[in-house]
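For reference, the structure discussed in these notes is given below.
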Amino acid sequence: MSLSTQPIKGARDFYPEDMRLEKYIFAKWREVNERFGYEEYDAPILEPTDLYLSKGNEEIVTEQTYSFEDRGGRKVTMRTEMTPTVSRMVAARRQELAYPLRWYSIPQCWRYERMQRGRGREFYQLNVDLFGIEGLQAEYEIINNADAVMQAFGAERSMYTIKLNSRKLVDFVLKDWLGLDATQAATLTKLIDRMAKMERGEFLGKLEALFSPSQREAGAQSQLQSFLEVSKLEALPDELKKRKEVAELSALMSMLAEDGISNLVFDPSLMRGFDYYTDIVFEVFDNDPANNRSMFGGGRYDGLLTLFGAEALPVVGYGMGDITLANFLETHGLLPSLDSETSVYIVTIGSVEREAQKVAKQLRDMGLDVAIDTTGRKPDKQIKAAVKKGIRYAMFVGEKELASGQFVMRDLQTSQEETHGLERLVSLVKDYRSRP
RNA sequence: GCGGAUGUAGCUCAGCUGGUUAGAGCGCUGGAUUGUGGCUCCGGAGGCCGUGGGUUCAAAUCCCAUCAUUCGCCCCA
């Protein structure tokens with residue numbers, strides 16, 4: 001019985017050509033965040049299991065995480081998201097950090113999920129957080145950042161929609177406006193979250209069952225529907241329109257619109273699960289019918305630091321997964337074709353290995369990434385290997401070239417050949433490399 | 001956890017209702033061509049037909065089980 005060559009279920013191997021895409025994605029993430037003045041951090045992939053147990057979500061931890069006991073008897077869990085970790089880190093140094101904090105990270109996260117399209121058990125997630133700003137400027141900046149990331153990958157605004165909602169507004173609607181108790185509100189939140197996925201009749205039936213007779217009599221159901229059906233803030237019922245949350249959403253939307261972010265909509269059914277979000281939430285949707293779903297999102301979660309005995313700190317953040325992003329790029333034809341990290345492949349002709357190594361060294365000293373073929377195969381085999389590796393240039397080194405100091409360099413994508421001295425060739429390759 | 005689909009060469013798959021030594025395309029490899037890839041031609045390697053059991057004179061093919069892959073449901077921090 002031989003060993004399986006498969007990676008463990010739900011996890012990916014990154015062969016060099018896969019890794020090139022991954023590096024491309026990470027590079028864009030870093031580039032945009034650093035342009036916004038964000039600093040990168042990281043932390044251990046293992047956290048104490050307690051960190052995820054805080055909010056009574058024991059089922060999630062026992063059934064949907066990689067958790068185990070280490071040799072010292074400590075219960076540990078592989079991180080499933082970065083938010084608890086970054087909250088822990090900020091809480092630990094809360095007194096000495098220079099606020100506001102603009103932090104980002106690209107952690108690998110693990111969730112023990114059932115497999116389906118776009119969802120594995122391991123993924124990388126860009127995590128962006130802005131700590132210490134109470135007002136809308138934080139939401140403005142974070143959504144701008146998320147939009148800029150999409151733009152950096154070449155996405156057009158017609159390809160995705162940014163949906164906005166306010167948890168505070170929803171809370172008010174459910175508890176005060178409709179008069180639901182906490183249990184009803186929680187159930188209804190989940191129901192609304194799944195609304196888009198079910199038949200309208202089914203949704204209405206479940207809605208009906210949820211209300212008490214007196215609430216039904218008071219017209220709670222039609223009230224709720226009049227809220228959920230709204231797609232513009234101006235269309236909200238008058239009692240809601242005068243709420244502060246609505247004014248904030250409206251102000252935020254016009255600030256973002258001024259920056260050209262035209263693909264914003266208010267969506268009262270947007271819930272983002274039932275987690276730590278406390279105020280404005282947003283979610284980015286793929287507009288392509290073939291892939292029409294939520295890609296990523298975020299929002300304000302002001303309360304998390306209190307878990308560590310620290311005072312609450314205002315935070316707005318978002319997380320974006322590499323797999324969903326890659327799906328988006330693929331759906332919209334935005335995947336770049338990426339060359340190898342190696343620029344030049346030296347094809348040796350005849351027994352010139354020693355001399356060719358010296359040429360390679362010179363090229364490397366001049367700053368090129370160079371691989372050399374010393375297999376002694378015929379040139380056509382060597383060229384094929386270079387093409388297969390995705391290397392852009394093949395440089396021929398044989399007796400003739402060594403004697404003259406003039407080397408033939410072939411562009412393997414265009415089949416153009418040029419013959420020059422080493423320095424000239426180096427600048428040719430560098431010119432190509434520095435193109436955007 | 002529930003339901004569907006699929007497991008045959010490195011990859012994509014064919015192999016009808018059981019019948020000799022299991023096939024194709026692509027890829028790999030050698031040559032035509034010991035100094036130049038993609039085109040062409042010729043050769044070669046590579047398979048416990050996912051695994052275990054059953055039915056049968058005979059199983060890649062039929063039955064059962066099991067494992068794996070995959071899609072959907074539930075869930076999704």
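All chains are named by letter (A, B, ...) in the order of the sequence lines, taking the proteins before the strands, and each is independently numbered beginning at 1.
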Atom pairs under 3.5 Å: protein N/O with N/O of nucleotides 41-46 of chain B:
none

N/O donor-acceptor pair under 3.5 Å between Arg119(A) side chain and Ile323(A) backbone: no

Under 4.0 Å protein heavy-atom contact, by nucleotide of nucleotides 25-31 of chain B - B base, S sugar-phosphate only: ---S-SS

Let's test this: given Watson-Crick or G-U wobble pairing with both distances under 3.5 Å, identify the partner of A77(B). none

Name the pairing partner of U6(B), where a pair is Watson-Crick or G-U wobble with both distances under 3.5 Å, or state none. A68(B)

In whole angstrom, what separates Phe123(A)'s CZ from C76(B)'s P? 14 Å

Do Tyr345(A) and Asp373(A) have side-chain N/O donor and acceptor atoms under 3.5 Å apart? yes

When you check the side-chain N and O atoms of Thr77(A) and Thr49(A), is any donor under 3.5 Å from an acceptor? yes

Examine the base of G35(B) for any acceptor or donor lying under 3.5 Å from a partner atom in the side chain of Glu401(A), and report the outcome as yes or no. yes

Give a yes/no answer on whether the side chain of Arg194(A) brings an N or O atom under 4.0 Å of OP1 or OP2 in C75(B). yes

Identify, between Pro7(A) and Thr80(A), the residue whose nearest nucleotide on RNA chain B lies closer to the 5' end. Pro7(A)

Taking atom C1' in both G53(B) and A45(B), what distance in whole Å separates the two? 34 Å

Return the orientation label for the Tyr276(A) and Tyr301(A) ring planes: parallel under 30°, perpendicular over 60°, tilted otherwise. tilted

Atom pair distance, as rounded to whole Å: CZ in Arg293(A) and P in C71(B): 11 Å

Whole angstrom value for the distance that separates C1' of U70(B) from CZ of Arg119(A): 14 Å

Sort out the partner of C62(B) for me: Watson-Crick or G-U wobble, both distances under 3.5 Å, none otherwise. G54(B)

Check this for me, if you would: do Arg392(A) and Asp411(A) make a salt bridge, where the nitrogen-to-carboxylate-oxygen distance has to be below 4.0 angstrom? yes

How many Å lie between CE on Met115(A) and C1' on C76(B), as a whole number? 14 Å

Could you check whether Glu283(A) pairs with Arg272(A) (Lys NZ or Arg NE/NH1/NH2 to Asp/Glu carboxylate O, under 4.0 Å)? yes

Nearest whole angstrom, please: distance from the P of U36(B) to the CD of Gln413(A). 22 Å

With the side chain of Lys9(A) defined as its heavy atoms from C-beta on, choose the nearest nucleotide among U36(B), U69(B), A77(B). U69(B)

Aromatic contact, Phe26(A) with Tyr124(A) (centres under 6.0 Å): yes

Using the P atom on both, measure U66(B) against G3(B) and round to a whole Å. 12 Å

Could you tell me if Arg300(A) sits above the aromatic ring of Tyr277(A), with its cationic atom closer than 6.0 Å to the ring centre and no more than 45 degrees from the axis? no

Could you give the distance separating U6(B) and G50(B) at their C1' atoms, to the nearest angstrom? 11 Å

If you draw the axis of the six-membered ring of Phe285(A), does the NZ or CZ of Lys163(A) fall within 45° of it and under 6.0 Å from the ring centre? yes

Whole angstroms only, please: what is the CZ-P distance between Arg167(A) and A77(B)? 10 Å

Complementary nucleotide for C49(B) - Watson-Crick or wobble, under 3.5 Å: none

Under 4.0 Å, counting only non-hydrogen atoms across every strand here, what does Glu417(A) touch: a base, just sugar-phosphate, or nothing? base

May I ask which nucleotide in the shown strands pairs with G43(B), Watson-Crick or G-U wobble, both distances under 3.5 Å? U29(B)

Nearest to the side chain of Arg410(A) - A77(B), C74(B), G37(B)? G37(B)

Value in whole Å for how far the P atom of C76(B) lies from CD of Glu63(A): 11 Å

Start at the 5' end of RNA chain B and walk down; is the nucleotide closest to Thr65(A) or to Ile8(A) reached first? Ile8(A)

Identify whether any heavy atom of Gln125(A) sits under 4.0 Å from a base atom; if not, whether one sits that close to sugar-phosphate; answer base, sugar-phosphate or nothing. nothing

For C42(B) and A24(B), measure between their P atoms and round to the nearest Å. 14 Å

So what does Gln64(A) hit on the nucleic acid, given a heavy-atom distance under 4.0 Å: a base, only sugar-phosphate, or nothing? base

Euclidean distance for P, C62(B) against A14(B) (whole angstrom): 14 Å

Given the P atoms of G37(B) and U29(B), what is the spacing between them in whole Å? 15 Å

Separation between the P atoms of A65(B) and U61(B), rounded to whole Å: 16 Å

Searching all strands shown, indicate the nucleotide that pairs with G35(B) (Watson-Crick or G-U wobble; both distances under 3.5 Å). none

State the pairing partner of A24(B); accept Watson-Crick or G-U wobble contacts with both distances under 3.5 Å, and report none otherwise. U12(B)

Start with the C-alpha distance between Glu341(A) and Lys23(A), add both sets of side-chain angles, then the distance that settles salt bridge (Lys or Arg N to Asp or Glu O under 4.0 Å), and finish with yes or no. CA-CA 11 Å; Glu341(A) 291 87 342; Lys23(A) 283 169 78 172; 3.0 Å; yes

Taking the same atom, C1', in A58(B) and in G18(B), what whole-Å distance lies between them? 8 Å

Using a distance-only criterion (donor-acceptor N/O pair, under 3.5 Å, no hydrogens), is the base of C73(B) paired with the side chain of Arg114(A)? no

Consider the side chain of Ile383(A), meaning its heavy atoms from C-beta on, and name the nucleotide among C76(B), G37(B), G35(B) that approaches it most closely. G37(B)

Which of these passes side chain to side chain donor-acceptor pair (under 3.5 Å) with Tyr160(A): Asn287(A), Asp147(A), Asp288(A)? Asp147(A)

List the steps and the verdict of side chain to side chain contact (heavy atoms under 4.5 Å, CB included) for Tyr24(A) and Leu335(A). CA-CA 10 Å; Tyr24(A) 167 79; Leu335(A) 285 179; over 6 Å; no

